[in-house]
Each structure stands twice: as structure tokens, then as C-alpha cells.
Undergrad: 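Below is one structure. I have some questions about it.
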Amino acid sequence: MIRTDLTRRLQEAVERLRAAGKLPAAAAECPVELSEPPNPERGDYATNFAMVAAGHLDKPPRETATLLAERLREDDAIESVEVAGPGFVNIRLKNAYLARWAVKAQQAGESIAKLEKDRPEKVLVEFVSVNPNGPIHLGHGRGAAYGDTLARILESAGDEVGREFYVNDGVNSQQMQLFALSVQAKYRELLGLEFEFPEEGYGGDYVGALAAQIRELHGDSHAGDGPEFFQSASQKLMIEGQRADLERFGVRFDTWFSEQALHDSGEVNAAIETLKQNRYAYEEDGALWLKSTAFGDDKDRCIVRSNGRMTYIASDIAYHKNKFDRGFDRLINVWGADHHGYIARTRAAIEALGYPGDRFDVAITQIVRFLRDGKVAPMAKRTGEMIPLAELMDEVGVDVTRFFYLMRSHDSHMDFDIDLAKEHSEKNPVFYVQYAHARICSLLKKAEEAGLASDPEHAERLVHPSERALIKKIWDLPFEVRRSADDREVHRLTTYAVELARQYHDFYEKCRVISPEEPERSSARLLLCEATLTTLRAAFNLLGISAPERM
RNA sequence: GCGGACGUAGCUCAGCGGAUAGAGCAUCAGACUUCGGAUCUGAGGGUCGGGGGUUCGAAUCCCUUCGUCCGCGCCA
């Protein structure tokens with residue numbers, strides 16, 4: 001990409017200055033960083049090398065900057081260089097150099113977002129993992145959108161990525177038993193039998209609908225069955241529904257990993273044995289405890305209750321062991337902020353089993369506050385007060401919903417104004433971005449009708465400031481992919497998409513593309529349009545939104 | 001009380017060590033009888049919650065204080 005090529009040129013310039021004795025040996029230690037001047041009139045790129053180096057080199061920044069600038073002027077990619085401010089070196093690139101990058105972008109197509117990695121990692125992203133006792137609702141949407149896009153970005157950045165949904169289907173689970181009892185009560189109610197709805201049970205409308213569905217599938221003969229039947233039957237239906245909603249949301253998992261399978265295979269018991277052998281499990285008050293305090297947790301955690309039943313932690317321990325044993329180099333768990341307190345104990349368990357805790361990362365998505373009619377709208381499965389994700393997809397569409405979640409940093413609290421999302425959906429930035437795509441499609445069609453086509457031979461006709469800015473912006477995509485992958489900051493891609501669209505609209509206003517009287521310039525501009533089109537598509541792909549040709 | 005996240009334009013949010021702090025929405029004023037006006041141009045609007053520090057330089061890092069939110073189960 002342009003930035004890496006230019007950085008290499010800067011490094012070479014520093015190296016040559018050092019070899020010529022104009023800079024001390026310590027110069028090699030200083031990183032060369034590329035930034036952009038505040039105003040494009042000052043140059044295409046800038047470096048603060050001289051200022052960073054000042055501390056190491058014992059040389060005034062402007063002096064170093066001047067030396068560097070002189071050397072850079074000899075570079076065949078560089079048009080001009082100026083030293084500015086406290087010691088910035090501003091660089092203007094040659095038109096011909098940028099034109100070559102326009103051609104490369106057009107040739108690369110959507111693969112412009114793909115990066116090569118020297119040592120690709122095998123990464124497992126576990127996300128959503130909603131309990132099978134209710135539909136996917138708006139509260140889950142953020143983790144779904146974030147986790148999925150993170151997986152797409154990591155793949156694009158060169159890693160091998162698995163996506164996994166952990167299904168809490170354990171028969172030990174108190175929550176699931178309570179849910180099963182709630183369904184059972186509704187089922188009996190449907191049959192006109194006596195029923196006892198559990199205290200604190202699941203009261204949402206969907207629970208009644210679920211009971212009716214079970215009745216339809218399995219008949220009326222289960223009134224006497226225990227909660228096992230109802231848990232198993234409801235789980236199956238809930239998971240099917242979750243899977244369908246998520247697929248519609250553009251989220252597909254490689255594996256749906258069953259918690260109960262860990263118990264059935266004996267992996268949970270085996271993991272507990274290992275912990276005992278490693279002396280990180282001990283008995284007290286008739287229960288079995290994980291000595292997680294040995295790894296920095298606040299308190300030890302119960303693995304097996306005094307009544308002999310296992311806690312969710314027991315299966316969690318076996319689960320993370322299982323992930324590592326499947327050969328993953330890195331585990332990324334996407335959790336909501338309400339699970340923040342579980343990081344320490346999970347990492348402790350991993351280390352107690354002898355696995356590397358630093359290979360376990362948790363990305364926390366902050367709580368979303370939903371507003372409706374100007375009031376906070378609760379999102380609670382227990383009471384059924386919630387808005388299903390499917391409902392929002394019905395009303396505003398998948399693209400708007402996904403983009404909305406992805407626009408904000410996963411790490412910041414956000415307000416989701418449901419009314420605003422519905423009423424002003426046309427003003428959502430996603431349309432701005434998609435419009436750029438549709439506009440190019442229609443333009444290319446028109447050009448074809450006029451007998452004009454792109455041609456790399458004339459790329460050097462791209463000299464207008466808007467054309468130059470667009471080429472640079474296009475080549476920022478791989479750069480943003482790299483940064484987003486490294487920092488797990490997925491929302492940068494939405495910002496990028498808006499910026500790329502803006503740059504295109506700007507170009508479109510200022511540079512007439514189809515002009516038969518200037519066929520060479522037209523073909524150069526068409527090439528740039530094609531490069532923008534595929535780059536937009538690459539970005540949309542990462543965000544999981546569609547690329548409409550007409551709107 | 002302890003731990004964590006967050007306080008940036010009227011609203012929703014970017015920026016997270018660099019040169020005059022940005023965008024969208026909202027408000028106001030404009031654009032070639034249009035290669036799609038779902039676009040573009042401009043204006044107003046800010047003690048970056050408050051206070052200390054670190055350094056050539058802080059919205060960004062550290063400390064402190066106030067405010068909001070989330071955790072702190074032999075629930076998942």
C-alpha cells in the first residue's frame with residue numbers, strides 16, 4: 001500500500017543519512033511514522049521523525065528535518081518536501097506515482113483489503129452465545145455485529161478465523177431448568193390442565209408461543225413429562241430461531257458448540273481431575289473450588305456445589321481447554337460489559353490447566369441503552385420486555401441495523417434511539433455510503449453506452465486534487481484493516497466507508513467523468529471510478545452490508 | 001465499599017501523544033435547466049466534566065475529584 005511504500009522510502013533516506021555520517025547511529029532506533037498534514041495544501045503525507053528523534057539524537061528537530069528533507073527530494077516518488085512547524089516534514093507525491101497506485105487499485109479489485117501475514121494465527125472468535133431460552137433481541141445485536149465484523153476483519157488481515165457460538169444447553173443449568181418449568185406450565189395451561197407457573201419464571205409472550213409450537217410438534221401427551229423433555233424440546237426450537245435470525249443479520253457460525261457435549265464426553269470431569277492434580281482445586285464446605293486467587297482473581301470460585309451439581313464454571317473450564325486443544329493460537333471472546341467480572345476467573349482457569357493465559361482475549365462490548373418514546377426501554381428475557389432483533393430488521397433493514405451498531409466504538413456506551421432509527425432511516429450514513437456505490441454503477445453503465453472505457457495507459461491524467469485525494473483514500477483501506485485488526489476497533493471501517501464515499505462524491509462534483517471530447521481523461525477517470533467501486537465493495541463486505549447497484 | 005467502562009458542538013458520536021479538535025443530525029444561507037440533488041458549498045455552534053501533574057507538545061498518558069453506567073452468587 002502507499003503508506004508502507006512511502007514509509008520504506010523514508011526509512012531508506014534515514015539509513016542513507018546515517019551511513020553518510022550525517023545522523024548518529026542511534027537514528028536507526030527511531031521509528032519512522034507517517035501521518036497526514038492538517039491541511040492537504042501542505043502535502044500528501046508528513047512525518048514527525050525529526051521530533052521523535054530529537055530525544056535520542058540530541059539534535060534540534062528542525063535540523064534533522066532539514067537533512068531528511070534534502071535527502072527525500074532525491075526520491076523519484078516525491079514531488080516536493082517542506083519542513084514545517086516544530087519539525088514536521090511534509091511530503092508531496094508526484095502525480096505519476098499516485099497514478100500508478102490508481103492502476104494497482106483497479107487491478108487489485110476487492111482483494112485490496114486482503115493483507116499478507118508472515119505468521120498467520122489460528123484464531124477462534126466466540127460471540128453471541130445467548131442462552132437458548134429466548135430470541136435474539138436488540139441487546140444482543142451489538143455483540144453479534146461486532147463479533148462477526150471482527151472475524152471478517154481478522155480474516156482479511158491474514159489470520160485463519162473460526163466463529164463459534166457456545167450453547168448453554170447443560171442439564172445442570174438452573175436457568176435452563178427454570179425456563180423448562182416455565183414452558184411446561186404454559187404447555188399444561190394450553191391443555192386446560194392445572195399448572196404452576198414458577199416464581200421468577202420466564203413470562204414473555206414468546207414462551208406461550210413456544211409451548212404451542214411444542215404441542216404442535218409433539219402432541220398433547222407430554223403433560224406428565226418432567227422438565228428434561230421441555231428443556232430439550234424448547235432448546236432445539238430456540239436455537240433454530242436464533243440461528244435463523246442471525247443468518248438474516250449476516251452472521252454465520254462455523255460451530256455451535258454444545259455445553260452438554262462437554263459433560264457427555266467426560267471432558268469436564270477430566271479437566272477437574274487435571275486441576276486437582278495441579279493442586280488448583282480444593283474441597284471446602286462440601287464443595288469443590290477453583291483456586292483462582294492464585295492467578296489474581298478476587299476470590300476462589302465454586303466448581304462443584306455442595307449438592308454435587310456442577311456450576312457453569314466447570315464446563316467453562318473444559319470448554320476453554322477444548323478450544324486450545326483444537327489447535328487455536330488465540331481465543332477471542334466477545335462479552336457484554338455485564339460479564340466483565342468473569343475475565344479474571346476464566347483466565348485463571350486457563351492458566352491453572354497449564355495453558356497460556358495471554359492467548360486469551362476478551363473484547364467487551366459496552367451496554368447499549370435503548371430509548372423509545374424518549375424513555376429507556378428495558379431488554380429483559382425474564383419478563384419478555386424486549387424488542388427482538390428480527391423486528392428491527394423488519395422495520396429498518398439489515399444494513400441500517402448493522403451499520404448503526406458498528407458505527408460506535410464497541411468500548412463506548414451508546415444510546416440506541418429506536419424511534420429515530422425508524423423515522424430517520426434515510427438519513428442514516430449507510431445510505432450515503434451505498435449511494436456512492438449506486439452512483440458509480442450507473443455512471444459506468446452510461447460510460448459504456450457512450451463507448452468509453454477505462455484505460456491504465458492514461459492513468460497519468462489523474463492530477464486534480466480530488467483525484468489525488470481519492471487515490472490516497474482508496475489505499476487507506478488495507479491500512480485501516482491492519483489497524484482495526486490489531487486494535488480490535490471495528491468501527492474504524494464504518495468511518496472509513498463514509499470517508500471514502502465522501503471523497504468520491506467530492507470527486508464526482510468536481511471532475512466530469514464522461515466527456516467524449518476528452519476520451520483520454522475520461523478513461524483515466526473511469527479507471528478511478530472502477531477502483532473506488534471495488535474498494536467500496538470490499539469495505540461493505542467487511543461490514544456485512546449490501547452493495548446496491550440502484551437505490 | 002471494591003473493580004471496570006464512559007463523560008468532546010443543541011443531539012448521536014469520531015479523534016486516543018503532534019501543527020487551527022471533526023462528522024452526521026438539527027438550525028440558517030447557497031449550487032451548473034443534473035455523467036442519479038439520497039449529492040455538493042458555506043455559516044453559526046466547544047473553557048474536550050473540574051483540578052493537578054508528566055514533556056518540546058495532552059482531548060489523548062498519570063494522579064485526584066465529580067457525574068452516569070456495568071459488575072462484585074454454591075445464577076448463566
Side-chain angles (χ1 to χ4, degrees), chain A residues 33 35 37-39 42 46 48 51-52 54-55 60-61 84-88 90 129-131 133 166 168 170 172-179 200 259 284-289 298-299 301-313 315-316 336-344 364-367 369 371 404 407-409 411-417 420-421 424 426-436 438-447 449-450 452 487 489 491-492 494-495 498-499 501-502 504-506 508-515 522 525-526 529 550-551:
Chain A
E33 281 172 19
S35 59
N39 182 339
R42 300 212 188 164
N48 61 356
M51 280 130 73
V52 177
F88 288 101
N90 292 331
S129 297
V130 174
N131 287 350
N133 57 8
Y166 182 57
N168 293 102
N172 277 319
S173 162
Q174 288 186 12
Q175 282 189 9
M176 288 308 297
Q177 286 173 1
L178 182 66
F179 179 64
E200 305 278 303
E259 176 189 359
E284 194 175 292
D285 300 332
L288 188 73
W289 300 78
D298 297 339
K299 52 181 92 165
R301 307 292 170 177
C302 181
I303 307 172
V304 183
R305 301 182 179 98
S306 49
N307 65 10
R309 289 221 321 240
M310 292 184 186
T311 67
Y312 76 96
I313 294 174
S315 31
D316 250 25
D338 53 337
H339 282 62
H340 188 275
Y342 302 84
I343 299 173
I364 292 292
T365 57
Q366 283 301 327
I367 299 293
R369 199 170 60 150
L371 303 172
F404 199 103
M407 266 185 338
R408 279 77 174 199
S409 160
D411 210 19
S412 85
H413 302 249
M414 72 181 257
D415 279 355
F416 195 127
D417 189 323
L420 203 81
H424 299 284
E426 315 77 35
K427 289 169 184 161
N428 191 301
V430 72
F431 292 106
Y432 179 84
V433 152
Q434 289 179 320
Y435 179 65
R439 202 176 212 188
I440 297 172
C441 287
S442 130
L443 180 67
L444 292 178
K445 206 170 294 170
K446 194 139 193 166
E449 288 163 8
L452 293 165
D487 305 341
E489 295 278 354
H491 70 287
R492 294 223 179 97
T494 58
T495 308
V498 171
E499 285 173 0
R502 193 197 318 288
Y504 181 77
H505 288 310
D506 173 69
Y508 181 91
E509 294 291 326
K510 292 175 182 151
C511 301
R512 172 93 197 173
V513 177
I514 298 172
S515 47
S522 279
R525 286 179 172 172
L526 281 168
C529 288
R550 251 190 302 268
M551 294 174 70

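Predicted model only: the values in this text are computed from it and were never measured. Just so we're on the same page: letters track the sequence lines, and every chain starts at 1. Worth knowing before you read on, the calculation uses all heavy atoms, side chains too, and leaves out hydrogens, waters and symmetry mates.
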Undergrad: Please enumerate all residues that pass salt bridge (charged side-chain N to carboxylate O under 4.0 Å, His left out) together with A:Asp415, with sequence neighbours excluded.
TA: A:Arg369
Undergrad: Which residues satisfy the salt bridge (charged side-chain N to carboxylate O under 4.0 Å, His left out) test with A:Asp506, sequence neighbours excluded?
TA: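 By the salt bridge (charged side-chain N to carboxylate O under 4.0 Å, His left out) rule, A:Asp506 matches A:Lys510.
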Undergrad: Donor-acceptor pair under 3.5 Å: do we get one between A:Ser35's side chain and the base of B:G18?
TA: no
Undergrad: With P as the reference atom in both, quote the distance from B:A5 to B:C63 in angstrom, rounded to an integer.
TA: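 That atom pair is separated by 11 Å.
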Undergrad: Provide the Watson-Crick or G-U wobble partner of B:A5, both distances under 3.5 Å; none if there is no partner.
TA: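 Across any shown strand, B:A5 pairs with B:U68.
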Undergrad: How would you summarise protein contacts on nucleotides 41-46 of chain B per nucleotide, using B for base, S for sugar-phosphate only and - for none, with heavy-atom distances below 4.0 Å?
TA: ------
Undergrad: Considering only atom P, compute the distance from B:G24 to B:G42 and round it to an integer number of Å.
TA: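 Nearest-Å result for B:G24 against B:G42 at atom P: 11 Å.
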Undergrad: Which nucleotide in the set B:A14, B:C35, B:G18 lies at the smallest distance from any side-chain heavy atom of A:His491?
TA: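 Of B:A14, B:C35, B:G18, B:A14 is nearest to the side chain of A:His491.
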Undergrad: Output all residues satisfying side-chain contact (heavy atoms from CB on, under 4.5 Å) with A:Val513, sequence neighbours left out; order by chain, then residue number.
TA: A:Leu443, A:Phe507, A:Arg525, A:Leu526, A:Cys529
Undergrad: Among all residues two or more places apart in sequence or in another chain, which pass the side-chain hydrogen bond (donor to acceptor under 3.5 Å, both in side chains) test with A:Glu499?
TA: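 So A:Glu499 forms a side-chain hydrogen bond (donor to acceptor under 3.5 Å, both in side chains) with A:Lys473.
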Undergrad: Among residues at least two apart in sequence or on other chains, which ones pass salt bridge (charged side-chain N to carboxylate O under 4.0 Å, His left out) with A:Asp487?
TA: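 A:Arg492.
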Undergrad: Given B:C74, B:G18, B:G71, which nucleotide is nearest the side-chain atoms of A:Asn48?
TA: B:G18
Undergrad: For B:G71 versus B:G18, give the span between their P atoms, rounded off to a whole number of Å.
TA: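 Between the two P atoms, the distance is 34 Å.
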Undergrad: Among B:G15, B:C35, B:G18, find the nucleotide with the atom closest to the side chain of A:Tyr508.
TA: B:C35
Undergrad: Consider the side chain of A:Asp338, meaning its heavy atoms from C-beta on, and name the nucleotide among B:G24, B:G71, B:C16 that approaches it most closely.
TA: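 Shortest atom-to-atom distance from the side chain points to B:G71.
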Undergrad: Looking across every strand, which nucleic acid part, if any, lies under 4.0 Å from A:Ser173 by heavy atom: base, sugar-phosphate, or nothing?
TA: sugar-phosphate
Undergrad: Hey, which of A:Thr311, A:Leu288, A:Ile313 is the one that makes side-chain contact (heavy atoms from CB on, under 4.5 Å) with A:Val304?
TA: A:Leu288
Undergrad: If each of A:Arg301 and A:Ile440 is mapped to the nucleotide of RNA chain B with the nearest heavy atom, which maps nearer the 5' terminus, i.e. the 5' end?
TA: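 Result: A:Ile440.
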Undergrad: Would you measure the distance from the P atom in B:C16 across to the matching atom in B:A26 and give it in whole Å?
TA: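 Looking at atom P only, B:C16 and B:A26 are 27 Å apart.
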Undergrad: If each of A:Arg439 and A:Ile367 is mapped to the nucleotide of RNA chain B with the nearest heavy atom, which maps nearer the 5' terminus, i.e. the 5' end?
TA: A:Arg439
Undergrad: Would you say the side chain of A:Thr311 and the base of B:C74 hold a donor-acceptor pair, judged only by whether the two atoms sit under 3.5 Å apart?
TA: no
Undergrad: If you look at every strand shown and take non-hydrogen atoms under 4.0 Å, does A:Ala54 touch a base, only sugar-phosphate, or nothing?
TA: nothing
Undergrad: Between A:His505 and B:A38, does any side-chain N or O lie under 4.0 Å from OP1 or OP2?
TA: no
Undergrad: Looking at B:U47, which nucleotide sits across from it as a Watson-Crick or G-U wobble partner, both distances under 3.5 angstrom, or is there none?
TA: none
Undergrad: List for me each residue that meets side-chain hydrogen bond (donor to acceptor under 3.5 Å, both in side chains) alongside A:Tyr312, sequence neighbours excluded, and say none if there are none.
TA: A:Arg345
Undergrad: If we only count heavy atoms from C-beta on, is the A:Pro86 to A:Met51 side-chain gap below 4.5 Å?
TA: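 In short, these two side chains touch, coming nearer than 4.5 Å.
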Undergrad: A:Met176: what forms a side-chain contact (heavy atoms from CB on, under 4.5 Å) with it, not counting sequence neighbours?
TA: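 Testing A:Met176 for side-chain contact (heavy atoms from CB on, under 4.5 Å), a comparison that skips the adjacent residues, returns A:Pro132, A:Asn133, A:Ser173, A:Phe179, A:Gln231, A:Gln235.
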Undergrad: Tell me which nucleotide among B:C40, B:A38, B:C35 gets nearest to the side chain of A:Phe431.
TA: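 Given the options B:C40, B:A38, B:C35, the side chain of A:Phe431 is closest to B:A38.
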Undergrad: Using purine N1 to pyrimidine N3 plus N6-O4 or O6-N4 for Watson-Crick, or N1-O2 and O6-N3 for G-U wobble, both under 3.5 Å, which nucleotide pairs with B:U54?
TA: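 Across any shown strand, B:U54 pairs with none.
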Undergrad: Taking 4.0 Å as the cut-off, does a side-chain nitrogen or oxygen of A:Tyr435 come that near to OP1 or OP2 on B:C40?
TA: no
Undergrad: Among B:G18, B:C40, B:G36, which is the nearest nucleotide to the side chain of A:Arg502?
TA: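 Ranking B:G18, B:C40, B:G36 by closest atom to the A:Arg502 side chain puts B:C40 first.
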Undergrad: Counting only distance, no hydrogens or angles, is the base of B:A19 paired donor-acceptor with the side chain of A:Asn90 under 3.5 Å?
TA: yes
Undergrad: Report the nucleotide, chosen from B:C74, B:C32, B:G15, that has the shortest atom-to-atom distance to any side-chain atom of A:Glu509.
TA: B:C32
Undergrad: For a quick check, with a 4.0 angstrom heavy-atom cut-off, what is the B/S/- contact string for nucleotides 3-8 of chain B, read 5' to 3'?
TA: -SBS--
Undergrad: Say we look at B:U64 and B:A9: how far apart would their C1' atoms be, to the nearest angstrom?
TA: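 Straight-line distance between the two C1' atoms is 28 Å.
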